[in-house]
Visitor: 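The structure follows.
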Amino acid sequence: MTVDVGKAVRLVAEAAADAPGEEVPRRVCAAVREGLGVDGVTLSLLTDTPSRQLLAASGDAALQLEDIQFTVLEGPCITAAHTGEPVAVHDLRDGLTPWPLFGATVRERLPEVGSIYALPLFFGDYVLGSVDLLAHRAHALDADQLEEASAVADAVTAALMPTRDMLLTGQAAPAWEPQHTVRAHWFDTARATAALADRRGVSREDALALMRAEAFRTGRTLADITRDVLDDPKDTA
């Protein structure tokens, strides 16, 4: 399949032009999906830290992909944010991935997904997040196309720059869609981690580890455990 990177860059710029700040991530996700011809896109910031923030996802499968990575704390987007290099899983159905928990979970929950790609987002010299691409077909992008797609990531960064103050210093829950998922993947989890740390007298990192352990033990998502911690005054993790 031919990937028109130039078209994708143009669509991202057009999607962000004159758009209200809260609309930019959703519009950018849709533009990347159309421009690169993939089946799903997510956009996240701070993906290599416990305070990672999901900004937008293009559909249900993309949401599930991000939810899996958020819960198991491993996967392509986390690696891309940590290393600053594009990450490719060309054929998810054939062979092992470098992330055992992620690989097993995504195959179980998203059997229709054939390939996944993650592109780091650079703000200057600092990697602040990543764009995840998923496709139903295997080998949706070849090595050259993945390298060229870095121009799309640069366009996404440029689109987000006018909203950077909102992204980095906002004290309220983000308004971006889907709102309930954005809350669960950033704002509410940060609140729950702080609350559990206070209750148990542990660090926030240890509190987050306890919440993830409860998610593994029960087979529920970290977003579910977050809601439990916030809704129930007793320890739930």
Side-chain angles (χ1 to χ4, degrees), residues 1 3 29 32-33 36-54 57-122 127-150 152-153 156 181 184-185 189 205 208-225:
M1 175 181 177
V3 174
C29 270
V32 172
R33 180 180 181 179
L36 292 181
V38 293
D39 297 297
V41 177
T42 66
L43 174 59
S44 301
L45 297 184
L46 301 174
T47 49
D48 63 341
T49 75
S51 58
R52 60 187 294 193
Q53 178 178 340
L54 173 68
S58 65
D60 290 342
L63 279 174
Q64 287 195 57
L65 174 66
E66 186 62 21
D67 186 65
I68 291 168
Q69 294 184 93
F70 186 61
T71 299
V72 303
L73 199 59
E74 64 179 22
C77 86
I78 295 174
T79 297
H82 180 69
T83 64
E85 298 290 339
V87 175
V89 182
H90 290 295
D91 192 344
L92 188 62
R93 303 183 185 103
D94 183 21
L96 299 176
T97 74
W99 318 279
L101 290 173
F102 169 80
T105 307
V106 77
R107 287 189 186 97
E108 177 183 353
R109 290 177 54 183
L110 295 171
E112 72 276 19
V113 174
S115 55
I116 300 171
Y117 305 90
L119 305 170
L121 295 175
F122 283 91
V127 181
L128 196 56
S130 73
V131 178
D132 269 12
L133 316 172
L134 66 88
H136 293 159
R137 63 195 181 280
H139 299 277
L141 302 177
D142 62 28
D144 290 339
Q145 291 168 339
L146 183 60
E147 183 176 356
E148 292 172 2
S150 62
V152 179
V156 170
T181 306
H185 283 72
T189 299
E205 289 77 9
L208 185 59
L210 289 171
M211 291 166 61
R212 284 199 163 93
E214 181 69 4
F216 295 146
R217 186 184 71 80
T218 61
R220 302 167 70 206
T221 68
L222 186 58
D224 293 332
I225 304 304

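Side-chain atoms are counted along with the backbone in the values below, which use heavy atoms only and exclude waters and symmetry mates. Numbers for residues simply follow the sequence, beginning at 1.
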Visitor: Passes side chain to side chain contact (heavy atoms under 4.5 Å, CB included), Asp67 versus Arg109? Steps please.
Guide: CA-CA 11 Å; Asp67 186 65; Arg109 290 177 54 183; 3.5 Å; yes
Visitor: What distance do Phe122 atom CZ and Ser130 atom OG have between them, rounded to the nearest 0.5 Å?
Guide: 11.0 Å
Visitor: Only one of Thr105, Thr79, Asp132 clears side chain to side chain donor-acceptor pair (under 3.5 Å) with Gln69; which?
Guide: Asp132
Visitor: For Ala62, which residues count as a side-chain contact (heavy atoms from CB on, under 4.5 Å) partner, sequence neighbours excluded?
Guide: Thr42, Ala57, Ser58, Leu134
Visitor: His139: what forms a ring pair (Phe, Tyr, Trp, His ring centres under 6.0 Å) with it, not counting sequence neighbours?
Guide: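 Here the qualifying residues are His90.
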Visitor: Any side-chain heavy atom of Val131 within less than 4.5 Å of one from Val152?
Guide: no
Visitor: Under 3.5 Å, is there a donor-acceptor pair between the side chain of Gln145 and the main chain of Asp142?
Guide: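 The answer is yes, because a donor-acceptor pair under 3.5 Å joins these two groups.
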Visitor: Give me each pair satisfying salt bridge (charged side-chain N to carboxylate O under 4.0 Å, His left out) with a member in residues 86-99, each pair once, sequence neighbours excluded.
Guide: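 Listed once each, the pairs would be none.
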Visitor: Can you list everything that forms a side chain to side chain donor-acceptor pair (under 3.5 Å) with Asp224? Sequence neighbours excluded, please.
Guide: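 Thr221, Arg227.
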Visitor: Work out which heavy atom in Leu65 is nearest to a heavy atom in Leu110; give both atom names and the distance.
Guide: N-CD1, 3.8 Å
Visitor: Nearest 0.5 angstrom please: Leu36 CG to Leu146 CG, how far?
Guide: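 Rounded to the nearest 0.5 Å, the CG-CG separation comes out at 10.0 Å.
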Visitor: Working to the nearest 0.5 angstrom, can you tell me the gap between Leu73 CG and Leu101 CG?
Guide: 10.0 Å
Visitor: Could you measure the distance from the CZ atom of Phe102 to the CD1 atom of Ile116? Nearest 0.5 Å is fine.
Guide: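 Phe102 atom CZ to Ile116 atom CD1 measures 4.0 Å (nearest 0.5 Å).
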Visitor: Tell me whether Tyr117 contacts the main-chain N or O of Ala140 through its side chain, where contact means a donor paired with an acceptor under 3.5 Å.
Guide: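 Yes, the answer is positive, given that a donor and an acceptor are paired below the 3.5 Å cut-off.
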Visitor: Within the structure provided, determine whether Glu66 and Ser44 are in side-chain contact (heavy-atom separation under 4.5 Å).
Guide: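 They are in side-chain contact.
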Visitor: I'd like to check the side chain to side chain donor-acceptor pair (under 3.5 Å) partners of Ser115; sequence neighbours left out, ordered by chain and number.
Guide: none
Visitor: I need the Leu119 CG to Leu141 CG distance, nearest 0.5 Å.
Guide: 8.0 Å
Visitor: I need the minimum non-hydrogen distance between Ala81 and Val127, along with the two atoms involved.
Guide: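 Looking at all heavy atoms of both residues, the closest pair is O-CG1, 3.4 Å.
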Visitor: Mind checking whether Pro120 and His82 have side chains closer than 4.5 Å, heavy atoms only?
Guide: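 In short, these two side chains do not touch, never coming nearer than 4.5 Å.
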Visitor: Mind checking the CG-CZ spacing from Asp39 to Arg33? Nearest 0.5 Å is all I need.
Guide: 6.5 Å
Visitor: Passes side chain to side chain contact (heavy atoms under 4.5 Å, CB included), Trp99 versus Ile68? Steps please.
Guide: CA-CA 12 Å; Trp99 318 279; Ile68 291 168; over 6 Å; no
Visitor: Please name all residues satisfying side chain to side chain donor-acceptor pair (under 3.5 Å) with Arg107, sequence neighbours left out, ordered by chain then number.
Guide: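 Arg107: no side chain to side chain donor-acceptor pair (under 3.5 Å) contacts found.
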